[in-house]
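Comments concern the structure below.
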Amino acid sequence: MSNETTTFILDYAEVHRDFSLGDLFAYLQEKTGIKKSSLSWYLFKLVNENVLVRTGRGTYAKVMKQVFSPQPIEEVKEVYGLLQSDFSICEI
């Protein structure tokens, strides 16, 4: 896969939350002169690599990964504290 074309696609996806194949094609046609079939192949590969996601027929979006940050409730913190005090590990 061409790094330049991939970079153009990802830059476009960064600016446009959801985009259609036609809009992206018009943008890339000016920059690279890419064929529509080649663009479809690039999009197919990026979707398979979980970089882009299909949001509908001919529409795509960049995958936004949320950072997992668990927030334990007070009861869990209490149980953890009790377990630590009752079953502490001795270091040698």
Side-chain angles (χ1 to χ4, degrees):
M1 219 177 347
S2 169
N3 289 335
E4 181 182 70
T5 304
T6 303
T7 302
F8 283 136
I9 292 170
L10 295 178
D11 289 345
Y12 188 85
E14 194 71 40
V15 175
H16 301 86
R17 183 178 174 116
D18 290 319
F19 57 92
S20 69
L21 176 64
D23 292 340
L24 180 60
F25 178 68
Y27 171 77
L28 289 178
Q29 187 67 32
E30 294 174 9
K31 298 232 182 244
T32 64
I34 193 169
K35 294 180 182 179
K36 204 166 201 171
S37 59
S38 297
L39 177 58
S40 295
W41 182 82
Y42 277 100
L43 291 173
F44 172 78
K45 291 299 239 181
L46 289 170
V47 168
N48 281 345
E49 293 171 0
N50 292 320
V51 177
L52 294 178
V53 64
R54 285 187 57 165
T55 57
R57 189 172 192 163
T59 58
Y60 298 86
K62 187 170 181 186
V63 174
M64 302 292 183
K65 294 183 181 179
Q66 295 180 345
V67 177
F68 178 69
S69 177
Q71 301 296 324
I73 58 175
E74 284 303 315
E75 290 84 10
V76 172
K77 291 178 183 179
E78 274 183 45
V79 170
Y80 177 76
L82 291 171
L83 288 171
Q84 281 238 290
S85 64
D86 291 345
F87 300 102
S88 61
I89 298 174
C90 300
E91 292 185 31
I92 299 175

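Bear in mind the structure is a predicted one, so any value in this text is a computation, not a measurement.
L28 and F44 fall into different hydrophobic clusters, where Ile, Leu, Val, Met, Phe, Trp and Tyr side chains are chained together by heavy-atom contacts under 4.5 Å. Residues W41 and L24 are members of one and the same hydrophobic cluster, defined by side-chain heavy-atom contacts under 4.5 angstrom among Ile, Leu, Val, Met, Phe, Trp and Tyr. Grouping the Ile, Leu, Val, Met, Phe, Trp and Tyr side chains by contacts below 4.5 angstrom, directly or via other members, places F25 with L10.
With contacts defined as side-chain heavy-atom distances shorter than 4.5 Å, the pair T59/D18 does not qualify. A heavy-atom distance below 4.5 Å is not found between the side chains of Y42 and L52.
Rounded to the nearest 0.5 angstrom, L21 CG and R54 CZ are separated by 9.5 Å. Summarising the geometry, atom CD1 belonging to I9 is positioned 12.5 Å from atom NZ belonging to K62; distances are rounded to the nearest 0.5 Å. From I73, atom CD1 reaches atom CD of E78 across 10.0 Å, with rounding to the nearest 0.5 Å.
Contact record, K31 with F8: CD-CE2, 3.6 Å, taken as the closest heavy-atom pair. Residues I34 and S38 share a closest heavy-atom pair of CG1-CB, 3.7 Å. Of all heavy-atom pairs between A13 and F19, the closest is CB-CE2, 3.5 Å.
The aromatic rings of Y27 and Y12 are tilted relative to each other, their planes meeting at an angle between 30° and 60°.
Each of T6, L46, L43 was scored for a side chain to side chain contact (heavy atoms under 4.5 Å, CB included) with V51, with one residue passing: L46.
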